[in-house]
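Note sheet for the following structure.
Please read these numbers as outputs of a predicted model, since none were measured by experiment. Values reported hereafter were calculated over all heavy atoms of this structure, with side chains retained and with hydrogens, waters and symmetry mates removed.
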Protein chains: 2
Amino acid sequence: MSPRNTDVSAQVDELPAVCSVIEVLNRVSGKWAIGILIEATRGPVRFTELERAINGISRRMLTLTLRNLERDGLLERTVYPTVPPKVEYEATPRARELYEYLMGLTGWAERHRGAIAAARADYDRREGAVA
Amino acid sequence: MSPRNTDVSAQVDELPAVCSVIEVLNRVSGKWAIGILIEATRGPVRFTELERAINGISRRMLTLTLRNLERDGLLERTVYPTVPPKVEYEATPRARELYEYLMGLTGWAERHRGAIAAARADYDRREGAVA
DNA sequence: CGGGATCCCTGGAGATACTG
DNA sequence: CAGTATCTCCAGGGATCCCG
């Protein structure tokens with residue numbers, strides 16, 4: 001609503017395509033969401049397991065990202081009232097479906113990775129020459 | 001390399017899946033890239049046309065995003081040396097292929113949009129009750 | 001028309017320390 | 001073990017003005 005809006009919802013009144021893709025990206029964006037989703041798609045995974053698996057993530061961001069994914073119904077959080085506590089996260093069917101489409105992107109990325117790197121190097125060479 | 005790295009390349013040594021998806025997201029992320037890609041996929045489009053079509057984008061961000069997409073070989077930029085100048089952008093085949101996968105995400109988003117909104121409302125009600 | 005250059009602000013993310 | 005709470009920093013993005 002305010003012009004100081006980093007969220008992309010401002011485009012929602014645009015083409016529906018933009019709107020929807022943007023929605024996906026919004027919840028899957030952020031440095032860590034995808035990594036977590038991938039781990040949680042393999043099966044139930046504990047907080048500390050994620051923390052170690054993800055490599056570089058801070059406790060804070062792990063928590064925040066988990067909460068957001070849970071909020072959107074992409075992760076199910078199960079608390080075992082034991083001592084010490086045990087909490088497991090697992091991807092919901094909805095998240096697993098999303099995962100499939102993400103794998104589509106993965107394929108694209110892998111196929112074009114080299115070409116893109118080359119294009120980028122080319123561009124930088126040309127523009128670097130100008131400047 | 002530095003810890004002050006917002007880029008997700010730090011995960012590159014992780015599972016290849018994470019790595020690749022992240023790569024895609026990195027270049028398609030940002031508030032405007034997708035909108036531009038969609039417009040440019042329909043056919044050649046001029047700078048000012050984009051500016052009006054995208055709704056809310058600033059000149060600065062339009063330029064920046066266009067440059068990045070061009071750099072990655074996702075857009076082709078054609079300058080007609082007329083007066084006044086005329087510049088057209090069009091999606092490359094590579095971008096069109098990406099576009100297909102983005103449409104997969106679109107479908108997912110549209111199918112789950114309602115459920116996600118509901119899940120979110122639910123979550124907020126529960127958590128709001130606690131706090 | 002199609003940009004560049006500059007200044008500013010915000011929100012995402014890191015570091016660190018504490019708790020049930 | 002599984003988080004919270006605070007502080008801080010920086011890069012993405014908005015606003016504005018200038019230029020060939």
Side-chain angles (χ1 to χ4, degrees), chain A residues 1-11 22 25-36 39-40 44-70 75 77-89 127 130-131, chain B residues 1-11 22 25-36 40 44-71 75 77-89 127 130-131:
Chain A
M1 204 144 275
S2 85
R4 285 278 175 235
N5 188 2
T6 277
D7 186 42
V8 269
S9 326
Q11 284 177 65
I22 292 296
L25 287 186
N26 274 172
R27 54 182 61 86
V28 162
S29 79
K31 249 172 112 165
W32 311 107
I34 307 228
I36 293 177
E39 293 295 326
V45 63
R46 302 185 58 173
F47 188 90
T48 315
E49 287 174 345
L50 283 171
E51 193 176 4
R52 276 181 305 224
I54 301 273
N55 189 350
I57 194 171
S58 64
R59 255 191 185 69
R60 184 181 115 90
M61 287 316 295
L62 180 52
T63 304
L64 283 179
T65 311
L66 285 171
R67 292 289 173 276
N68 282 327
L69 292 173
E70 188 197 354
L75 286 185
R77 179 167 177 269
T78 313
V79 182
Y80 300 90
T82 60
V83 166
K86 173 179 173 181
V87 181
E88 281 185 344
Y89 295 89
E127 298 310 300
V130 175
Chain B
M1 204 148 269
S2 90
R4 285 278 174 237
N5 188 2
T6 278
D7 185 41
V8 270
S9 326
Q11 283 177 65
I22 292 296
L25 287 185
N26 276 171
R27 51 183 64 86
V28 160
S29 78
K31 254 171 106 166
W32 311 107
I34 306 228
I36 292 176
V45 61
R46 302 185 57 175
F47 188 90
T48 316
E49 288 175 344
L50 283 171
E51 193 175 3
R52 275 180 306 222
I54 302 270
N55 189 350
I57 195 171
S58 64
R59 253 191 186 69
R60 184 180 114 91
M61 287 317 296
L62 180 53
T63 303
L64 282 180
T65 311
L66 286 171
R67 290 291 171 275
N68 281 327
L69 291 174
E70 188 198 355
R71 188 165 99 107
L75 286 185
R77 179 166 179 268
T78 313
V79 182
Y80 300 90
T82 59
V83 166
K86 173 179 173 182
V87 181
E88 279 185 344
Y89 295 89
E127 298 310 302
V130 176

Closest nucleotide among D:dG3, C:dG2, C:dA13 to the A:R77 side chain: D:dG3

B:L75 CG - C:dG3 P separation (whole Å): 12 Å

Length of the line joining A:E51:CD and D:dT4:C1', which is rounded to integer Å: 14 Å

Nearest-neighbour nucleotide for the B:P84 side chain, C:dG3, C:dC1, D:dA2 considered: C:dC1

Minimum-distance nucleotide to A:P85 side chain [options: D:dG3, D:dG13, D:dC1]: D:dC1

C:dC1 phosphate, OP1 or OP2, under 4.0 Å from B:T48 side-chain N/O: no

B:R27: side chain to side chain donor-acceptor pair (under 3.5 Å) partners, not counting sequence neighbours: B:D72

Five-pair end axes of the helix from C:dC1-D:dG20 to C:dG20-D:dC1 and the angle they enclose, rounded to 10°: 50°

Residue list, side chain to side chain donor-acceptor pair (under 3.5 Å) with B:E70, at least two apart or on another chain: none

Full working for side-chain contact (heavy atoms from CB on, under 4.5 Å) between A:F47 and A:L66: CA-CA 9 Å; A:F47 188 90; A:L66 285 171; 3.8 Å; yes

Reported CD1-to-CH2 distance for the pair B:I57 and B:W32, which is rounded to 0.5 angstrom: 5.5 Å

Nearest heavy-atom neighbours spanning A:R46 and A:E49: N-OE1, 2.8 Å

Nearest-angstrom distance from the residue atom CZ of B:R52 to C1' of C:dG2: 13 Å

Contact summary for B:P84 and B:T82, nearest pair of heavy atoms: O-OG1, 2.8 Å

Nucleotide D:dG12, atom C1' - distance to CG of A:L25 in whole Å: 16 Å

Sugar-phosphate only, base, or nothing, as touched by B:Y89 at under 4.0 Å among non-hydrogen atoms: sugar-phosphate

Set of side chain to side chain contact (heavy atoms under 4.5 Å, CB included) partners for B:V79, sequence neighbours left out: B:R77, B:V87

A:V45 side chain near A:I36 side chain, heavy-atom distance below 4.5 Å: no

Salt bridge (charged side-chain N to carboxylate O under 4.0 Å, His left out) contacts touching residues 57-68 of chain B (sequence neighbours left out): B:E51-B:R59

Near-strand residues of residues 57-70 of chain B, defined as heavy-atom separation under 4.0 angstrom from DNA chain D: B:S58, B:R60, B:M61

